[in-house]
Amino acid sequence: MAKLRFKIIHRDKKSKARTGTIKTDHGIIRTPAFVPVGSGATVKSLTPEEIKQAKIDVFFVNTYHMLFRPGIEKIKKVGGLHKFMNWQGPLMTDSGGFQAFSLSEKGPRDTLDGKSLVKINSEGIKFKSVWDGKEMFLGPKESIEAQIGFGADIIMSFDECTFYPITKERAKLAMDRTHQWAIISLETLAKRKNSEQNLFGIVQGSIFRDLRVKSAKYMACLPFDGLAIGSVANSQEPRELVFAVLDWTLPYLPSEKPVHFLGVGEIEDIFLSVEKGIDSLDCVTPTRLGRMGWIFDKIMGIKHKFRYDITKSVYAADKNPPVIDCSCYTCQNFSRAYINHLFRNRELLAYRLATTHNLFFFGSLMEKISESIAEDKFLRLKKIWLG
RNA sequence: UCCCCUGUAGCUCAACGGUAGAGCGGCUUCCUGUUAAGAAGAAGGUUGUAGGUUCGAAUCCUACCGGGGGAG
C-alpha cells in the first residue's frame with residue numbers, strides 16, 4: 001500500500017508550529033499547506049498550471065457536487081478526478097458532510113421556499129440537488145465509495161457538520177453520528193485492498209470542550225491516515241472559541257499524523273492555526289472573495305483582513321498594480337484601473353486575474369510560514385503580520 | 001424667423017389629473033470543508049423655470065430657458 005507518508009521536517013522551538021511534507025502518489029504536499037476549494041472539480045477560473053504557479057500543491061473537490069454533476073459513473077469512466085481535470089498533483093475530496101450544514105435551513109443561504117434541501121438521520125443525509133431537486137442519499141458507505149471512485153489522494157470520513165448556535169444535545173448527536181460513520185468509513189475503504197487513498201477522520205463537538213476532547217480521543221484511536229477538525233468557523237461560532245477548539249483537541253491527536261483544519265481561514269486564522277500545530281487548512285476565501293473583487297494585500301493589515309475591494313471607484317484610474325511589489329502574473333501585467341474596469345463590466349478576466357493573485361498571495365504566505373518554522377522564526381513572522 | 005418633438009434620481013427611462021418608481025451606477029455591509037462571476041441594506045428627485053386652470057398638476061394651459069429635428 002502506497003500509504004501517505006507524513007514527514008515532519010522541523011518543529012518550531014517557540015510554538016507548536018511544524019513544517020514538513022506529505023507524500024502522496026501524485027506528489028508532495030508541503031506543509032503547512034493552504035488548500036483552495038475547487039468544489040465543482042475546478043478552482044474556479046484557473047487552469048491546473050495556474051494553480052501550481054500560485055505555489056498551491058493540493059486542492060479540494062466536493063463529493064456532493066460531483067455526485068450530482070457530472071455523476072460518479074462519468075468520472076470513473078474517464079479514469080478518476082485527476083485525469084478528468086488533468087490535475088496531476090495531490091488531491092483531496094470532501095465527504096459531502098459539509099452540505100449537511102450549508103444546504104440546511106440554518107445554512108448560509110435560505111432556500112427560496114424555506115424548505116431544507118437536506119434531511120439527516122443516523123443512517124446518513126438525504127440531499128436534494130440544488131440544480132434540479134433530484135434526491136440522493138449519502139451515508140458513510142456511499143460517501144467513501146464515491147470518493148474511492150473519484151480517486152483523490154486524501155479523502156474525508158463522512159461526518160455531520162453542525163451549525164451554530166447549537167444545543168449541546170444536538171452537537172453531541174452530530175458527534176456520535178460522526179463517530180459511528182467514522183467506523184463505517186474506515187471499513188468501507190478497508191474493503192478496497194491496496195488502496196492508495198488516505199482517509200482522514202473528522203473531529204466534531206462544536207464549541208463544547210468535553211465533546212471536543214471526547215471526539216479527539218475517539219478519532220485518535222482509529223487507524224486514520226490523518227485527522228481533521230470540523231464545524232468550527234462555518235457558522236456563527238464565537239471567534240475566541242474557534243481556536244480554543246484547537247487547544248482542546250490537538251493534544252489528543254497523534255503527532256505523527258497530519259491534522260487538517262476544515263474551512264478556515266482568513267490570513268489571521270492561518271497564523272493562529274499553524275501556531276497551534278495545524279498542518280493544512282482549506283478555505284474559499286481567496287477564490288470566492290477574489291471573484292467578489294477583494295484583492296489580498298499585506299499592506300491593508302489585520303484591521304482590513306489584509307485585503308481591499310478593487311471594485312471601488314477610487315481605483316478606477318489607479319495605474320498601480322493590484323499589489324505593489326507582488327510578483328504574480330496579475331500584478332506583473334495589469335493595473336488596478338484595468339481590473340476595476342473588468343469587474344465593473346463583469347468581464348470574465350476579472351475573476352481570473354483576482355483569483356490568480358489571491359491564490360499566489362496565499363501560496364506565498366504558506367511558503368514564508370514554512371521557512372520561518374524551519375528557522376524557528378515563526379512567531380517573529382506572525383508578529384510582523386499580525387502585530 | 002416659423003413649425004414639431006423633448007426636458008422626471010449620477011445615467012437610461014417609467015408613472016400621463018390623485019402629491020413619483022425601476023434598471024444600471026455610486027455608497028455601506030456580509031461572505032471561513034463554495035447552491036456564491038453571489039447576497040443584503042440605506043441613500044439619492046421642491047419632476048427645467050415662472051405663472052395659470054383644478055379640491056388636487058410630473059401629468060392640462062401660457063410664457064421663458066435648455067436639448068433634438070424639420071422648413072425657409
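Sequence lines set the chain letters: A, B, ... in the order given, protein chains first and strands last, and positions in each chain run from 1. The structure presented is a predicted model; accordingly, all values stated were derived computationally and were not measured.
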Between the base of B:G33 and the side chain of A:Ser39, is there any donor-acceptor pair under 3.5 Å?
no

With P as the reference atom in both, quote the distance from B:G44 to B:U59 in angstrom, rounded to an integer.
24 Å

Does A:Trp294 have A:Arg307 sitting over its ring (NZ/CZ under 6.0 Å from centre, angle to axis within 45°)?
yes

With hydrogens left out and only the distance checked, is there a donor-acceptor pair under 3.5 Å joining A:Asp159's side chain and the base of B:G33?
yes

Which nucleotide wins on minimum distance to the side chain of A:Lys305, given the candidates B:C31, B:U35, B:G33?
B:C31

Reckon A:Arg346 has a side-chain N or O less than 4.0 Å from the OP1 or OP2 of B:G25?
yes

Verdict with supporting geometry, A:Asp247 and A:Lys276, salt bridge (Lys or Arg N to Asp or Glu O under 4.0 Å):
CA-CA 7 Å; A:Asp247 294 326; A:Lys276 293 176 187 299; 3.1 Å; yes

For A:Arg307 and A:Gly38, find the nucleotide of RNA chain B closest to each by heavy atoms; which residue's nucleotide sits nearer the 5' end?
A:Arg307

So, does A:Arg291 get its side chain near the phosphate of B:C31, meaning an N or O under 4.0 Å from OP1 or OP2?
no

What interatomic distance, in whole Å, is found between P of B:A39 and the corresponding atom of B:U62?
49 Å

Would you check if there is a donor-acceptor pair between the side chains of A:Glu367 and A:Ser370 at a distance under 3.5 Å?
no

Between A:Phe137 and A:Phe127, does a ring pair (Phe, Tyr, Trp, His ring centres under 6.0 Å) hold up when you go through it step by step?
CA-CA 6 Å; A:Phe137 174 78; A:Phe127 291 105; 8.7 Å; no

With heavy-atom distances below 4.5 Å as the criterion, would you say the side chains of A:Arg11 and A:Ser255 are in contact?
yes

Check whether any side-chain nitrogen or oxygen of A:Lys128 sits under 4.0 Å from OP1 or OP2 of B:U35, and answer yes or no.
no

Considering the options A:Arg170, A:Glu237, A:Gln236, which one meets the side chain to side chain contact (heavy atoms under 4.5 Å, CB included) requirement together with A:Phe163?
A:Arg170

Using the C1' atom as the point on both nucleotides, what is the distance between B:C30 and B:A42, in whole Å?
14 Å

Could you tell me whether the side chain of A:Phe271 reaches within less than 4.5 Å of the side chain of A:Leu381, counting heavy atoms only?
yes

Residues of residues 233-261 of chain A with any non-hydrogen atom less than 4.0 angstrom from an atom of RNA chain B: list those, numerically ordered, please.
A:Ala233, A:Asn234, A:Arg239

From the options B:C27, B:A36, B:C31, select the nucleotide whose nearest atom is closest to the side chain of A:Lys44.
B:A36

With sequence neighbours excluded, tell me which residues meet salt bridge (charged side-chain N to carboxylate O under 4.0 Å, His left out) with A:Lys382.
A:Glu275

At under 4.0 Å, does any side-chain N or O of A:Arg69 touch on OP1 or OP2 of B:U35?
no

C1' atoms of B:A22 and B:G45, separation to the nearest Å
14 Å

Among A:Gln197, A:His82, A:Lys23, whose side chain to side chain donor-acceptor pair (under 3.5 Å) with A:Asp153 holds?
A:His82

Checking salt bridge (Lys or Arg N to Asp or Glu O under 4.0 Å) for the pair A:Asp132/A:Arg69: CA distance, chi angles, key distance, verdict?
CA-CA 11 Å; A:Asp132 59 13; A:Arg69 295 183 171 191; 5.5 Å; no

Give the rounded distance in Å between these two atoms: CZ of A:Phe150 and P of B:G33.
19 Å

RNA chain B stem ranges, 3 or more consecutive Watson-Crick or G-U pairs under 3.5 angstrom:
B:1-7 with B:65-71, B:10-13 with B:21-24, B:27-30 with B:38-41, B:48-52 with B:60-64

Please work out if A:Thr287 contacts a base, only the sugar-phosphate, or nothing of the nucleic acid, heavy-atom cut-off 4.0 Å.
base

Give the rounded distance in Å between these two atoms: CD1 of A:Ile310 and P of B:G26.
14 Å

So what does A:Gln99 hit on the nucleic acid, given a heavy-atom distance under 4.0 Å: a base, only sugar-phosphate, or nothing?
sugar-phosphate

Pairwise P distance, B:U46 and B:G21 [rounded to whole Å]:
15 Å

Taking the C1' atom of each, how far is B:A50 from B:G41, in whole Å?
40 Å

Measuring only between side-chain heavy atoms, which start at C-beta, is A:Val78 closer than 4.5 Å to A:Lys74?
no

With heavy atoms under 4.0 Å as the rule, sort A:Gln204 into base, sugar-phosphate or nothing.
base

B:U34 P sits how many Å from A:Trp131 CH2, rounded?
11 Å

I want to check one thing: is the phosphate of B:U34, taken as OP1 and OP2, less than 4.0 Å away from some side-chain N or O of A:Asn62?
yes

Rounded to whole Å, the CD1-C1' distance (A:Ile154 to B:G33) equals 14 Å

Check whether any side-chain heavy atom of A:Ser335 sits under 4.5 Å from a side-chain heavy atom of A:Tyr315, and report yes or no.
no

State whether the distance check finds a donor on one side and an acceptor on the other, under 3.5 Å, for side chain A:Asp94 versus base B:G33.
yes

If the P atom of B:U49 is compared with that of B:G66, how far apart are they to the nearest Å?
15 Å

To the nearest angstrom, the CZ-P distance between A:Phe200 and B:G33 comes to 18 Å

Is the NZ atom of A:Lys16 crowded by more than 12 outside heavy atoms at less than 6.0 Å?
no

What is the distance, to the nearest angstrom, from the NE2 atom on A:His65 to the C1' atom on B:U34?
6 Å

When you measure from the side chain of A:Leu103, which nucleotide among B:G25, B:U35, B:A36 comes out closest?
B:U35

Does A:Trp294 reach a base, just sugar-phosphate, or nothing at all? Heavy atoms under 4.0 Å.
base

Heavy atoms under 4.0 Å, any strand shown: does A:Ser231 hit a base, just sugar-phosphate, or nothing?
base

Distance in angstrom units between A:Met136 CE and B:U35 P, rounded:
13 Å

What's A:Leu281 touching, base or sugar-phosphate or nothing? Going by heavy atoms closer than 4.0 Å.
nothing

Taking atom C1' in both B:U12 and B:G7, compute the distance separating them and give it to the nearest angstrom.
14 Å

Are A:Ser102 and B:U35 close enough that a side-chain N or O sits under 4.0 Å from OP1 or OP2?
yes

RNA chain B: A:Ser157 or A:Val314, which has the more 5' nearest nucleotide?
A:Val314

Once you round it to whole Å, what is the distance between P of B:U34 and CE of A:Met92?
11 Å

